[in-house]
Student: 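Quick one: the structure is below, and I'll ask about it shortly.
Start at 1 and go down the list; that is how both ligands and their atoms are numbered. Remember, predicted model here, so these are calculated numbers, not experimental data. Starting from 1, each residue takes its place in the sequence as its number. Note that these values count all heavy atoms, side chains included, but never hydrogens, waters or copies made by symmetry.
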Amino acid sequence: MTVTSPSQIFAGRIGRIEVSATMAVAAEAAKVRAQGIHLVDFGAGEPHFPTPRHIKDAAIAAIDANFTRYTVVPGIPDVRKAIIDRHAADFGSDYGIDEAIFTTGGKQALFNTVQILIDHGDEVILPVPYWVSFKDIVQYAGGKVVLLETSEAENFRITANAIEHAITPRTKAIILNSPSNPAGAVISAEDLERIVHVAHERGIFVLLDECYVYLNYAGKPVSGGSFTWAKEHLVILGSLSKTYAMTGWRAGFALAPKAIIANLNKLQGQSTSNATSFVQKGAIAALAGSQECVAEFRAEFIGLRDHMLARLAVIPGVTCTRPEGAFYVYPNLSAYIGKGGIRSATEMATRLLRDAHVVVVPGEAFGTGEHVRLSYPVTRENIDEGTRRMKEFLTALA
Ligand SMILES: Cc1ncc(COP(=O)(O)O)c(C=O)c1O
């Protein structure tokens, strides 16, 4: 038989997902840059700081000591211990070594958790706006995403009440991300406790993506891991990427009951095996070493957020919720959509790139059609220049 169409070549599951929007934006931006055009880039979701010295030194020392072979799949005992000790010290969680796994980035922890828990037809509740990959990862596993609308006027707040309304007999899990990408929305400790309570009572898993847990500007960081009474239904998904400026290292983890970790171990053992050996040593230095860098990064991000909000505020018609964490702003550009031939946030992002030379990610990637996401770990000068270009472009549309 001759294979002719993509549907005959590729498995159905790869057709259920899309190219990551943030990566697509980066590719478009690279093309414009290749023409010699200077862009102000608010696209990339990563800290602009270098990885702290003591973390780099630990990985370099590990390479020099030839710590370059396979390790056990879930990570060496010391890295698993560093994960549980850090989490226990900061949030009062109570996990043992066999309830932790070290992964190649938080994304792998999330991807594999969804693969081992979600079956065809299982429903997964996902609050809007959501981080791009959640939806695709659930769909890849065959799950059905149930979107939970939130109100921008209430800072995209997620309540136990709303979650309760979205639950059906097919609900298997809820994915929460606080502080959130893209809006920097934070779930209060009270709301989180109520949500976890509801899920636990109903036997529903809560997948808590704590990628930005230390970048909480509203108060003391909150983790669902402190609700030890609900441990049976909690999976904590952690990442060192943003906390320690280690995005390229690929270092993340999951904390969950033993049976879940055993299955994550099984899947990882049949795919990527251990996360890079010397990255594990760097991760130990990050987690067990001084946490001063985390506080420094946090303070700098707060300053940048305030600077960005002040600059956006001078663009007529642009409104923006006040992010209480992470490092993104999610302005509403509905005042300009419908003008100058721009019909959607995607078209807005394309025009901002081509005409204003500013890189942003369109809201459609996060489930809303009137926003764009701006990542603010850049210099203050870049914030000034990028928002000046946006203002000039947008006001000329009116
Ligand atoms: C909400 C959220 N979860 C997970 C990740 C993945 O992080 P990692 O670099 O650890 O894979 C990101 C990265 O942008 C993110 O924004």
Student: Would you call Lys231-Glu99 a salt bridge at under 4.0 Å N-O?
Tutor: yes

Student: For residues Ser180 and Tyr130, is any side-chain donor paired with an opposing acceptor at under 3.5 Å?
Tutor: no

Student: Under a 4.0 angstrom heavy-atom cut-off, which atoms of ligand 1 come close to Ser239?
Tutor: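 The atoms of ligand 1 under 4.0 Å from a heavy atom of Ser239 are 7 (O), 8 (P), 10 (O).
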
Student: For atom 5 (C) of ligand 1, what is the nearest protein heavy atom, given as residue, atom name and distance?
Tutor: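 I find the closest protein heavy atom is Trp131 CH2, 3.4 Å.
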
Student: Are Arg33 and Asp41 ion-paired here, with the side-chain N under 4.0 Å from a carboxylate O?
Tutor: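 Answer for the salt bridge query: yes.
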
Student: Answer whether the closest heavy-atom distance between the side chains of Ile83 and Leu255 falls below 4.5 Å.
Tutor: yes

Student: Are Ile163 and Val128 connected in the hydrophobic side-chain network, where two residues link if heavy atoms are under 4.5 Å apart?
Tutor: no

Student: Would you call Glu46 a ligand 1 contact, heavy-atom distance under 4.0 Å?
Tutor: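 Judged by the 4.0 Å heavy-atom criterion, Glu46 does not count as contacting ligand 1.
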
Student: Could you tell me whether some N/O pair between Ser241 and ligand 1 is separated by less than 3.5 angstrom?
Tutor: yes

Student: Which heavy atom of the protein is the closest neighbour of atom 14 (O) of ligand 1, given with residue, atom name and distance?
Tutor: Lys242 NZ, 2.7 Å

Student: Using distance alone, decide if ligand 1 has a nitrogen or oxygen within less than 3.5 Å of any nitrogen or oxygen in Gly106.
Tutor: yes

Student: With a cut-off of 4.0 Å, which atoms of ligand 1 are near a heavy atom of Tyr212?
Tutor: 1 (C), 14 (O), 15 (C), 16 (O)

Student: Using a 4.0 Å cutoff against the non-hydrogen atoms of Gly105, which atoms of ligand 1 qualify?
Tutor: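 In order of number, 10 (O), 11 (O).
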
Student: In the structure I gave you, are the side-chain heavy atoms of Leu208 and Leu237 within less than 4.5 Å of one another anywhere?
Tutor: no

Student: For atom 3 (N) of ligand 1, what is the nearest protein heavy atom, given as residue, atom name and distance?
Tutor: Asp209 OD2, 2.5 Å

Student: Counting heavy atoms only, which of Arg250, Gln108, Met246 is nearest atom 11 (O) of ligand 1?
Tutor: Arg250

Student: Do Ser241 and Glu46 have side-chain N/O donor and acceptor atoms under 3.5 Å apart?
Tutor: no

Student: Heavy atoms only: which of Asn177, Leu237, Thr243, Leu110 lies closest to atom 1 (C) of ligand 1?
Tutor: Asn177

Student: Regarding Tyr328 and Tyr212, do their side chains bring together a donor and an acceptor under 3.5 Å, going by distance alone?
Tutor: yes

